[in-house]
Amino acid sequence: YMGTQLWERCAGMREALHLHNHLLTGLLGAHRGYLVKTEGDAFMVAFHSPTDAVRWGLEAQLKLLEVDWSADVMLHVGDPERAEHGGWLWRGLRVRMGCH
């Protein structure tokens, strides 16, 4: 499921959104970034350089794999998948990021 469907079917989404928001905004300072605005579950953030932006996005994606998502969220997003080397390919909420 994505976005609206998860909100309609998953009681754990309010807590999941809190975890998501806390993690993503908490990493901004370490990558010389700042929050411009939010819209729903989306952030607009800015950085001092493109390299800072990409590093923030990469670290955020890796940290999202480690979040202790609720059983309800995990039930609705499907089974996690591991790579051949044993690390996670995805686990929990999937977050799309774009840089421009």
Side-chain angles (χ1 to χ4, degrees):
Y1 301 113
M2 296 187 63
T4 304
Q5 290 176 324
L6 271 174
W7 277 99
E8 291 172 353
R9 299 172 185 217
C10 179
M13 279 303 293
R14 185 172 308 282
E15 176 63 19
L17 183 61
H18 172 76
L19 293 169
H20 162 275
N21 292 354
H22 182 73
L23 186 139
L24 271 61
T25 59
L27 294 173
L28 286 170
H31 296 281
R32 300 187 316 154
Y34 61 93
L35 181 64
V36 175
K37 69 177 184 174
T38 61
E39 188 171 319
D41 62 353
F43 293 139
M44 178 186 289
V45 294
F47 297 87
H48 289 278
S49 75
T51 303
D52 292 332
V54 171
R55 287 182 176 156
W56 172 80
L58 177 60
E59 184 175 4
Q61 292 290 351
L62 293 172
K63 296 265 187 211
L64 284 164
L65 294 172
E66 300 171 5
V67 172
D68 186 20
W69 303 110
S70 72
D72 189 42
V73 168
M74 294 301 288
L75 175 69
H76 286 87
V77 298
D79 294 330
E81 186 176 340
R82 288 195 179 270
E84 288 181 20
H85 63 76
W88 294 113
L89 287 176
W90 72 273
R91 182 188 164 283
L93 295 183
R94 298 181 192 196
V95 177
R96 187 177 353 188
M97 296 181 177
C99 297
H100 55 90

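Along the sequence shown, the residues carry numbers beginning at 1. Given the structure is predicted, the values throughout are model-derived calculations rather than measurements. The basis for the numbers below is simple: all heavy atoms, side chains too, and nothing from hydrogens, waters or symmetry mates.
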His85 atom NE2, over 12 foreign heavy atoms within 6.0 Å: yes

Pro80 to Trp88 - nearest heavy-atom pair and separation: CB-CZ3, 3.2 Å

Asp72: salt bridge (Lys or Arg N to Asp or Glu O under 4.0 Å) partners, not counting sequence neighbours: none

Donor-acceptor contacts under 3.5 Å from residues 24-31 side chains, at least two apart:
unit_1, atom_1, unit_2, atom_2, d
Thr25, OG1, Asn21, O, 2.7
His31, NE2, Glu59, OE1, 2.5

Closest contact, heavy atoms only, Phe47 versus Gly33: CD2-CA, 3.4 Å

Reported CH2-to-CD distance for the pair Trp90 and Gln61, which is rounded to 0.5 angstrom: 13.0 Å

CZ/Arg32: more than 12 non-hydrogen atoms of other groups inside 6.0 Å: yes

Shared hydrophobic cluster for Leu35 and Leu17 (ILVMFWY, side-chain gaps under 4.5 Å): yes

Nearest non-hydrogen partners of Ser70 and Gly12, listed with the distance: OG-CA, 4.2 Å

Contacts of Arg82 that satisfy salt bridge (Lys or Arg N to Asp or Glu O under 4.0 Å) - sequence neighbours left out: none

Hydrophobic cluster identity match, Leu93 and Met97, side-chain contacts under 4.5 Å: yes

Distance-minimising heavy-atom pair for Met74 and Gly92: SD-CA, 3.7 Å

Candidate list Leu65, Val77, Leu64, test side-chain contact (heavy atoms from CB on, under 4.5 Å), partner Arg91, passing option: Leu65

Residue pair Val73 / Ala16: nearest heavy atoms and the distance that separates them: CG2-CB, 3.9 Å

Cluster link Leu58 to Val95, ILVMFWY, side chain under 4.5 Å: no

Aromatic plane relationship, His20 with Phe43 - under 30° parallel, 30 to 60° tilted, over 60° perpendicular: parallel

